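One-based numbering, in listed order, for ligands and for the atoms of each. We number each residue from 1, following the sequence as shown. Every value quoted in this text rests on a predicted model; they were computed, and no experiment measured them.
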Amino acid sequence: MDDLERPGLEGVIAARTRLSHVDGAAGRLVIAGYPLEDLAGVVSFEALTHLLWTGDLPTSEEEASLRHALAPHRALSPAVAALLTAACAAGAPPMDAARMAVGALSLGADEAGAAAAVLGALPAIVGGYERLRRGGALVTPVGPLGTAEALLFAIDGRTPHPERARALDTYLVTVSDHGLNASTFAARVVASTGSGLVDAVVAAIGALKGPLHGGAPGPALRMVLEIGAAERAEAAIAERLARGERLMGFGHRIYRVRDPRADVLRAAVDRLAASGHGHPDLHALAAAVEAEALRQLAAHKPDRVLQTNVEFATALLLHELDLPDDLFTAVFAVGRAAGWTAHIAEQRETGKLIRPASRYVGPLDRARPEAAR
Ligand code: ACO
């Protein structure tokens, strides 16, 4: 075997997948054969989940059947409800609450039903946690609601406006899968050991939480709001870069051009605004901050193409849906769970134990310790 050492496993092909293809040079994302632009805003998140789980888009009967399979899991078990309540009382961040609550899903589901349990319960967990934080009591999204509708219902206790549900549905489709990103890799590592689906999803949630992965949109929004006015963007961004900070929502391990998901989400934001929702002033400010950030990043790192990634547009869209910025990553998890569960199944079918090697760089000749007794 060769002795390749690749920090961060950059460029290493660690799995074969039929699920999604990220072409970083062309800025193209293909999900199970379809360009993202042909799916987002066109098919529902449930249809997309069916595509990832089975390889094909569903007939209308198959889509209805998946909705019916997910619906019972929206009613959270007493164990999950108690965990969310305890997390809320402790002031836990939503991703911590989601990790704990998803972990408890293995109590009620056998392995065959675990993927539906996770996909069905997650919007109720994330939306329900937000409702608890607002001082409300948990409500069960009723009927075979779509995932986006269920999440908004779990927060507000009523059926959402169709345009709001549509915008969130577009978002969930857009972030559903993205090659071997860090959280998906974490899920596949756990699945490769023969462990359970819930175990693998809990690992993925832990990986997604980090600011270099799914934790970026909250800070990206805060940056835009802190800058506050287009004329302050130049100085504020220069100060951040001078302090050695990374600009959240920019740069990507794979894309060397603009992240195609950013454009799909911007179109969803525009559509939402055209339907009378959102804060148009913020769009102009965000566009000014984005343009200035790209200008300064090009000068700051001339050897590295740092373009807008999905998280900057995510920040804008989820803010327009009146979701608080510390909930963004948990909403991301709801969408990415479709990809995680599909990758876990694929890993089980085709993969082998993922176990890379390390290069030992510590000492080899330290003195033997004295015996304690
Ligand atoms: N702002 C400022 N500088 C940056 C940024 C940024 N957003 N991104 C990368 N750089 C700089 C780094 O400081 C580094 O400089 P150095 O060589 O002087 O140390 C250089 O560019 C290369 O960065 P790496 O971290 O080595 O590149 P990598 O491919 O590992 O990073 C990452 C990709 C983590 C996304 C990075 O661009 C980043 O931190 N971006 C900000 C966080 C963010 O938006 N994350 C969301 C990504 S999308 C997603 O996961 C869903």
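- How far NE2 of H283 is from CD of E290: 12.5 Å, rounded to the nearest 0.5 Å.
- Of the options R246, R304, H252, the smallest heavy-atom separation from atom 29 (O) of ligand 1 is shown by R304.
- At a heavy-atom cutoff of 4.0 Å, ligand 1 is contacted by both the backbone and the side chain of H213.
- Of the possible donor and acceptor atoms, none in the side chain of H279 sits under 3.5 Å from a partner among the backbone N and O of E320.
- Within the 4.0 angstrom cut-off, atom 26 (O) of ligand 1 has no protein heavy-atom neighbours.
- Side-chain atoms of H277 and D322 include no donor-acceptor pair closer than 3.5 Å.
- With sequence neighbours excluded, no residue satisfies side-chain hydrogen bond (donor to acceptor under 3.5 Å, both in side chains) with T140.
- Here the side chain of S192 pairs a donor or acceptor atom with the backbone of I354 at under 3.5 angstrom.
- Closest heavy-atom approach to atom 30 (O) of ligand 1 within the set Q307, R253, R240: this belongs to R253.
- Less than 4.0 angstrom separates some heavy atom of A216 from each of these atoms of ligand 1: 43 (C), 44 (O), 45 (N), 46 (C).
- Protein heavy atom closest to atom 47 (C) of ligand 1, with residue, atom name and distance, is N309 ND2, 3.6 Å.
- Ion pair R222/D326 not flagged as a salt bridge, since none of the NZ, NE, NH1 or NH2 atoms sits closer than 4.0 Å to an Asp/Glu carboxylate oxygen.
- For the residue pair S183 and H213, the shortest heavy atom distance occurs at OG-NE2, 3.0 Å.
- Taking any N or O of L297, backbone or side chain, none lies under 3.5 Å from an N or O belonging to ligand 1.
- When heavy-atom distances to ligand 1 are checked against a 4.0 Å cut-off, L306 comes that close only through its side chain, counted from C-beta outward.
- Annotation: atom 1 (N) of ligand 1 to nearest protein heavy atom, L247 N, 2.9 Å.
- Judged by distance alone, with hydrogens and angles left aside, the side-chain atoms of T170 form no donor-acceptor pair with the main-chain N or O of A40 at under 3.5 Å.
- Taking the six-membered ring for Trp and thresholds of 30 and 60 degrees, Y255 and H178 have ring planes inclined between 30 and 60 degrees apart.
- No N or O atom of R261 sits closer than 3.5 Å to an N or O atom of ligand 1.
- Under 4.0 Å from ligand 1, heavy atoms of L212 appear from its side chain as well as its backbone.
- There is no side-chain donor-acceptor pair under 3.5 Å between T159 and E149.
- Shown in contact with G249 at under 4.0 Å from a heavy atom are these atoms of ligand 1, numbered in order with element: 43 (C), 44 (O).
- For ligand 1, the atoms sitting less than 4.0 Å from at least one non-hydrogen atom of F332 are 51 (C), numbered in the order shown with element in parentheses.
- For ligand 1, one of its N or O atoms has an N or O atom of F250 under 3.5 Å away.
- Contacts of R28 classified as side-chain hydrogen bond (donor to acceptor under 3.5 Å, both in side chains), with partners at least two apart in sequence or in another chain: none.
- The nearest protein heavy atom to atom 40 (N) of ligand 1 is closer than 4.0 Å.
- When P7, G251, P211 are checked for heavy-atom proximity to atom 35 (C) of ligand 1, G251 turns out nearest.
- Interface of M248 with ligand 1, defined as ligand atoms under 4.0 Å from a residue heavy atom, comprises 42 (C), 44 (O).
- Residue contacts with ligand 1: K301 is placed with a nitrogen or oxygen under 3.5 Å of a nitrogen or oxygen of the ligand (distance criterion only).
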